[in-house]
Amino acid sequence: MKLEMNGETFYPVGALEDFLPQIGRVVELGDLSIAVFRTSDGRIFAALNQNPHPKGGPLAEGIVSGHYLYDPLYDWKIDLTTGLVQAPDTGRVAMFPVKVEDGQVLVAAAELQQV
């Protein structure tokens, strides 16, 4: 099942209860590895599971506090609302639109629509 909204195609990645607060979970959409995070206030964010640090690494293992992700490998702080790495570091994480419909988490990935 996929959902079309505002010209974007959203794909189901799991039930809302599958995503525990403050813990990242990796989901696969096509060839994309996406880290999905649920904040303590219940919001859901989806990011490419690839650290923007030059040495890379997964993001799903990070620690969520508020709307920030703290990367355990490089001690980077990433704003989940924008994908921006916070100063003094720089960079940006690719973020994906997310919707919750009928208890299901749906993620839009334009890369999949181009196939």
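We count residues from 1, following the sequence as given. All values reported here derive from a predicted model rather than from experimental measurement.
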Checklist line | Residues forming a side chain to side chain donor-acceptor pair (under 3.5 Å) with D18, sequence neighbours excluded | finding: none

Check: Below 4.5 Å, heavy atoms only, C-beta onward: do L32 and F96 meet side chain to side chain?
Finding: yes

Next item on the list: Search all heavy atoms of F19 against all heavy atoms of V13 and return the closest pair with its distance.
Entry: CZ-O, 3.8 Å

Margin query: Within this structure, what is the CZ-CG distance for the pair R25 and L20, rounded to the nearest 0.5 Å?
Written below: 9.0 Å

Note to self: Test your reading of the model: is there a side-chain donor-acceptor pair from R38 to the backbone of L16, 3.5 Å cut-off?
What the structure shows: yes

Margin query: Between H67 and D41, do the side chains contain a donor N or O and an acceptor N or O under 3.5 Å apart?
Written below: yes

Next item on the list: Examine distances only and state if a side-chain atom of N49 and a backbone atom of A60 form a donor-acceptor pair shorter than 3.5 Å.
Entry: yes

Notebook entry, point to check: Is there a side-chain contact between V98 and F45 (heavy atoms, below 4.5 Å)?
Noted result: no

Checklist line | Side-chain touch D89/H53, heavy atoms, less than 4.5 angstrom | finding: no

Item checked: Minimum-distance pair of heavy atoms, taken over all atoms of L48 and S33 -> CD1-O, 3.6 Å

Notebook entry, point to check: Under a 4.5 Å cut-off applied to non-hydrogen side-chain atoms, are L59 and I78 in contact?
Noted result: yes

Margin query: Can you confirm whether L69 sits close enough to V64 that some side-chain heavy atom of one is under 4.5 Å from a side-chain heavy atom of the other?
Written below: yes

Notebook entry, point to check: Shortest non-hydrogen contact from L73 to G57?
Noted result: CD1-CA, 4.2 Å

Next item on the list: State, yes or no, whether a side-chain contact exists between Q50 and P58 at a heavy-atom distance under 4.5 Å.
Entry: no

Notebook entry, point to check: Judged by atom type as modelled, is there a donor-acceptor pair below 3.5 Å linking the side chain of D79 to the main-chain atoms of Y68?
Noted result: no

Checklist line | Worked verdict on V27 versus V107 for side-chain contact (heavy atoms from CB on, under 4.5 Å) | finding: CA-CA 10 Å; V27 298; V107 175; 5.6 Å; no

Notebook entry, point to check: Are side-chain heavy atoms of E101 and L106 found at a separation under 4.5 Å?
Noted result: yes

Checklist line | Residue pair W76 / P54: nearest heavy atoms and the distance that separates them | finding: CH2-CD, 4.4 Å

Note to self: If I take atom CD1 from residue I34 and atom CE from residue M95, how far apart are they, to the nearest 0.5 angstrom?
What the structure shows: 10.5 Å

